[in-house]
Amino acid sequence: MNNPCIPLGTLDEFVARHIGPREDDIEAMLALTGHDSLDALVDSVIPASIKGSSVLTLTPGQGEAEALAALKGIAANNQLYSNHIGQGYYPCHTPAPILRNLLENPAWYTAYTPYQPEISQGRLEALLNFQTLVSDLTGMEIANASLLDEATAAAEAMTFCKRLAKNKAPAFFASRDCHPQTLDVLLTRARPLGIEVVIGDEAALEGQPLDGYFGLLLQYPASTGAIVDHRALVQRAHAAGALVSVSADLLALTLLAPPGEWGADVVIGSAQRFGVPLGFGGPHAAYFATRDVFKRDMPGRLVGVSIDRFGKPALRLAMQTREQHIRREKATSNICTAQVLLANIASMYAVYHGPQGLAQIARRVHRLTAILVQGLRQLGHHVEQAHFFDTVSVVTARPLADVLAAANAARLNLRLIDDLRVGVALDETCEQGSVEALWQVFAGAGQALPDFAALAADGADCLPSVLLRDTHYLQHPVFNRYHSETELMRYLRRLGDKDLALDRSMIALGSCTMKLNAASEMTPITWPEFGALHPFAPASQSLGYRQLTDELEAMLCAATGYDAMSLQPNAGSQGEYAGLLAIRAYHASRGEAGRDVCLIPSSAHGTNPATAQMAGMQVVVVNCDERGNVDVADLQHKAEQHKARLAALMITYPSTHGVFEDVITRICDIIHACGGQVYLDGANMNAMVGLCAPGKFGGDVSHLNLHKTFCIPHGGGGPGVGPIGVKAHLAPFLPGHGHLPKQQGAVSAAPYGSASILPITWMYIRMMGGAGLKRASQLAILSANYIARRLEEHYPVLYTGENGLVAHECILDLRPLKDSSGIGVEDVAKRLIDFGFHAPTMSFPVAGTLMVEPTESESKEELDRFCAAMICIREEIRAVENGTLDALDNPLKNAPHTASELVGEWAHSYSRELAVYPLADLRESKYWPPVGRVDNVYGDRNLACACPPLSSYQDA
């Protein structure tokens with residue numbers, strides 16, 4: 001019998017699972033802020049000028065099972081072919097223990113960037129393994145912790161060479177044998193910087209002077225498969241004062257002489273084939289390696305070995321002043337992220353297989369390719385390469401169209417190079433049947449297939465003898481111990497236990513929005529229908545992705561009020577860059593290419609000026625007043641002063657100071673009246689979805705951080721997605737790609753960037769519905785104001801809006817406490833570790849402050865637990881102020897406290913109990929940091945960025 005009291009369709013409601021506070025909690029939180037409803041609170045926070053600008057339809061959300069079923073139907077429209085396209089993307093096996101214990105483990109995927117090293121030792125060690133892997137295989141002295149993709153890494157290498165080469169010529173030579181998508185991104189990046197990219201055949205450089213180039217980019221092996229000896233060319237380049245970058249295949253380097261041994265200055269590439277699924281193009285970890293002499297100019301993050309306060313080895317991010325939000329317009333890159341989760345997968349793939357296992361995989365792939373080539377030649381086809389690793393180009397003996405038709409019928413993807421040639425690439429998933437299936441495609445009517453066994457018995461390979469690797473690699477114990485699943489499982493567990501991620505406690509990072517990454521959102525990323533597609537497969541095979549991206553673009557347009565969206569940028573930094581390129585291209589289309597001035601308030605996110613510099617713009621900083629708002633008079637003056645050249649204003653809204661500025665529409669009007677465009681940074685969109693729409697109150701373009709507002713997990717510092725939304729007049733200038741209708745202007749290697757994680761955001765929006773998204777924004781604002789109210793009598797809240805309220809984050813001012821007690825913001829941040837919390841954002845955007853963003857996913861109990869910790873810390877500071885605690889030997893100066901310290905000789909003037917159990921509830925669930933406070937200065941002065949002896953960690 002049906003029960004009429006149970007409403008149909010709501011049994012699997014998701015909104016209440018995503019939003020932490022319950023209804024009675026919300027009432028209590030509202031009461032503290034002095035409001036009787038969420039609508040009343042938001043009405044007091046959102047400026048009148050932008051109220052009602054949201055165009056989001058307040059639809060109900062779907063249940064988890066219903067949304068997953070709908071997405072499964074979309075995924076079914078993708079067709080799974082065997083991929084032999086290559087071109088930098090290869091099918092591979094993700095070892096099951098890595099899949100389950102890392103990729104699908106929230107201890108790894110919900111972690112944040114390891115800015116607080118004491119609670120990040122596990123993922124830092126995994127990243128150090130990655131750096132060691134890359135350094136060893138490339139033959140270089142130092143490698144970073146990963147970049148976004150191979151093409152953007154090549155672009156970073158180009159500007160790196162531009163800065164450091166002795167030769168100051170204006171041109172950069174790129175081999176035509178580089179991957180096409182790499183060349184496309186190079187051209188995009190070079191144009192606004194005035195760099196001439198010359199694409200040509202490096203063989204034609206023989207006998208030609210090289211003094212016209214500041215740098216060269218070579219592919220090793222070439223995109224179409226050839227292995228070329230570049231040693232003489234490198235020597236000539238160095239003699240001309242140029243630097244040489246090489247894009248190299250890591251698996252091939254297990255067998256081939258590494259570029260570092262034959263003179264390369266920079267080696268870049270992708271670690272995708274080390275266990276990371278194709279994913280229609282991403283996310284994948286790129287790498288960047290160079291010589292030790294260039295280490296302080298290397299882009300991206302770098303993990304280094306330091307010591308803690310006990311003198312024991314400890315890891316940290318080295319040379320953090322290279323982070324772009326600190327360097328602002330002086331930045332040499334706007335990269336402020338990595339692909340940590342994917343780099344860690346790649347590093348664990350190498351740990352699991354070890355050097356012998358990797359070489360065995362490589363030899364097997366090459367042997368299969370050699371057998372394939374022998375058979376193709378028996379069938380009468382011309383294979384162009386004499387020496388190759390896993391890829392060849394074939395001039396077919398029968399009509400190319402017939403070969404491609406046969407491949408399609410056999411559900412095989414080949415690479416169409418031109419009207420005469422087709423490319424074929426093999427990988428670790430291939431076997432005898434794969435080779436025979438390819439022979440069948442190339443065979444003409446009536447041709448007998450070659451005898452696989454007979455050809456396999458030959459045993460010859462096709463690697464050039466002069467470029468065979470003769471140096472050892474991956475000799476560190478970490479790559480030679482964990483080869484059984486039991487050992488790897490336990491190693492991953494040990495590393496995960498060292499870290500503090502969102503699966504343990506709230507991470508209240510301002511401007512970072514560490515919210516729930518629901519399991520139902522994460523589930524689809526491991527479906528083969530999304531994970532096994534090559535980004536350059538024929539469009540007919542990716543209709544499911546097309547539906548997904550079309551629907552997601554529409555969802556994001558509805559959330560922002562923009563008219564068009566591009567999902568290509570694979571990080572917020574890339575979204576910013578794409579947005580400014582769109583603005584510059586728009587001005588140029590109107591005959592105003594000279595517009596190159598970008599106004600940026602001092603309250604804007606720090607990557608904004610870095611991005612403007614990359615886009616070839618002149619940055620002019622606009623002042624802010626004492627309340628954190630843009631100084632409108634200064635803005636008006638500078639906009640009119642630069643009216644003839646004004647290209648854009650970059651403004652973060654709500655501001656990085658955590659307030660909705662009342663005059664935002666006036667600010668936009670000033671810029672538009674002077675002929676400029678408004679770039680509204682969407683980093684803080686979590687305060688606006690469903691409440692107001694930047695595309696409707698004055699923004700011309702915004703990037704969105706899907707890893708903030710829209711639930712893609714941070715993954716320890718990456719992956720991320722940074723799509724841009726634009727008004728209709730900017731839509732023609734969105735990023736293009738060689739595999740999209742619009743061909744020019746690629747900013748990422750793949751057409752849809754990090755496509756395989758887009759289902760996460762699709763699921764979030766689908767399950768929340770418009771009504772749920774609006775409620776999430778309301779609760780984000782409520783939670784921030786609740787914390788501000790609870791803590792304001794203990795710590796001054798630095799900036800508020802007209803009604804004394806904040807947006808979705810608040811800044812606690814600790815500077816007065818430093819004067820009265822000597823306790824600084826770092827001491828508070830480290831003391832929070834003893835309470836089991838990751839510190840809020842420290843000293844950004846204002847030195848000596850903590851920026852707190854609780855998010856809507858945290859329960860009132862967790863908010864109260866955080867507030868209790870902060871209040872307890874304030875009492876400890878008072879004890880220092882009144883002399884009850886020693887000014888130097890106190891729990892804050894010595895934090896965090898380790899378990900090993902607790903059981904050793906206790907030399908402090910305060911008790912062990914105060915050190916580790918300052919609140920009673922910590923006895924029930926205690927996080928123990930594996931190291932004491934890390935010495936940052938020691939780490940930079942004694943830079944070491946590869947694995948130390950494993951014994952160094954055993955007692956830490």
Side-chain angles (χ1 to χ4, degrees), residues 112-120 301 306 316-331 336-337 500 507-514 600-610 621 624 626-628 652 654-659 683-684 717 784 787-788 791-792 794-800 806-833 835 837-854 866 869-870 873-874 877 892-893 895-896 933-937 939-940:
Y112 183 60
T113 302
Y115 290 132
Q116 295 290 336
E118 296 84 0
I119 56 175
S120 308
R301 293 175 178 151
S306 186
R316 58 181 285 274
L317 286 181
M319 300 186 293
Q320 288 192 23
T321 54
R322 297 176 312 144
E323 289 284 354
Q324 301 310 321
H325 66 272
I326 297 172
R327 298 188 70 178
R328 300 180 72 86
E329 66 270 15
K330 295 183 177 63
C336 66
T337 188
L500 195 61
I507 301 179
L509 285 155
S511 194
C512 296
T513 317
M514 299 292 292
I600 303 182
S602 59
S603 63
H605 198 278
T607 54
N608 290 176
V621 178
C624 289
E626 68 280 358
R627 298 186 61 188
T652 303
S655 75
T656 308
H657 291 161
V659 295
N684 294 334
I787 282 182
L791 297 181
E792 62 185 357
H794 306 282
Y795 306 91
V797 176
L798 190 56
Y799 300 115
T800 61
V806 297
H808 66 313
E809 58 193 5
C810 61
I811 297 178
L812 305 178
D813 192 356
L814 274 64
R815 291 172 297 181
L817 304 182
K818 178 74 171 179
D819 296 335
S820 62
S821 67
I823 301 298
V825 64
E826 183 176 6
D827 299 319
V828 175
K830 303 308 181 186
R831 182 58 170 154
L832 275 169
I833 297 173
F835 291 82
F837 283 108
H838 191 299
T841 302
M842 188 172 68
S843 292
F844 177 79
V846 180
T849 67
L850 291 175
M851 182 162 59
V852 183
E853 182 180 348
F866 174 77
M870 290 296 294
I873 288 172
R874 182 63 183 94
I877 296 173
L892 294 113
K893 288 293 184 183
R933 193 176 304 194
V934 176
D935 188 331
N936 292 327
V937 175
D940 280 351

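Heavy-atom basis, side chains included; hydrogens, waters and symmetry copies ignored.
- Side-chain atoms of S306 come within 3.5 Å of backbone N or O of D935 as a donor-acceptor pair.
- Results of the side-chain contact (heavy atoms from CB on, under 4.5 Å) test with Y795 over D813, I873, I811 single out I873 as the only residue that passes.
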Residues L814, M842; criterion side chain to side chain contact (heavy atoms under 4.5 Å, CB included); working and verdict: CA-CA 10 Å; L814 274 64; M842 188 172 68; over 6 Å; no

Verdict with supporting geometry, K818 and I823, side chain to side chain contact (heavy atoms under 4.5 Å, CB included): CA-CA 5 Å; K818 178 74 171 179; I823 301 298; over 6 Å; no

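- In this structure, the separation between OG on S120 and CG on L500 is 8.0 Å, given to the nearest 0.5 Å.
- Considering only residues two or more places apart in sequence or on other chains, D827 meets the side chain to side chain donor-acceptor pair (under 3.5 Å) condition with K893, R933.
- Here T656 pairs with nothing under the side chain to side chain donor-acceptor pair (under 3.5 Å) rule; sequence neighbours left out.
- The minimum heavy-atom distance between E118 and V934, with the atom names listed, is OE2-N, 2.9 Å.
- Looking at L832 and Q116, their side chains never come closer than 4.5 Å, going by heavy atoms from C-beta outward.
- Under the 4.5 Å side-chain criterion, counting only non-hydrogen atoms from C-beta, L812 is in contact with V797.
- Side-chain atoms of P840 and M851, non-hydrogen and from C-beta on, never get closer than 4.5 Å to each other.
- Residues F866 and P854 are not in side-chain contact: their nearest non-hydrogen atoms beyond the backbone lie 4.5 Å or more apart.
- For the pair L317/T113, a side-chain contact is recorded, criterion being any heavy-atom separation below 4.5 Å from C-beta on.
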Trace of the side chain to side chain contact (heavy atoms under 4.5 Å, CB included) decision for V846 with R815: CA-CA 10 Å; V846 180; R815 291 172 297 181; 3.7 Å; yes

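- When atom types are taken as modelled, the side chain of S511 and the backbone of N684 share no donor-acceptor pair closer than 3.5 angstrom.
- How far CG of N936 is from CD of E826: 6.5 Å, rounded to the nearest 0.5 Å.
- A donor-acceptor pair shorter than 3.5 Å can be found between the side chains of E853 and T513.
- Taking the side chain to side chain donor-acceptor pair (under 3.5 Å) definition, one finds that S655 meets it with nothing, sequence neighbours left out.
- Taken from SG in C512 to CD1 in I507, the straight-line distance is 10.0 Å, to the nearest 0.5 Å.
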M870 vs I787, side chain to side chain contact (heavy atoms under 4.5 Å, CB included): CA-CA, chis, key distance, verdict: CA-CA 10 Å; M870 290 296 294; I787 282 182; over 6 Å; no

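- Between Y799 and H657, the ring planes are parallel. Angles under 30° get that label, and only those over 60° would be called perpendicular.
- Counting heavy atoms from C-beta outward, I833 and I119 have side chains that approach closer than 4.5 Å.
- Side-chain atoms of V806 and T800, non-hydrogen and from C-beta on, do get closer than 4.5 Å to each other.
- Taking CG of N608 as the reference point, atom OG1 of T652 lies at 4.5 Å (rounded to 0.5 Å).
- Side-chain contact check for Y115 versus R301: some heavy-atom pair is nearer than 4.5 Å.
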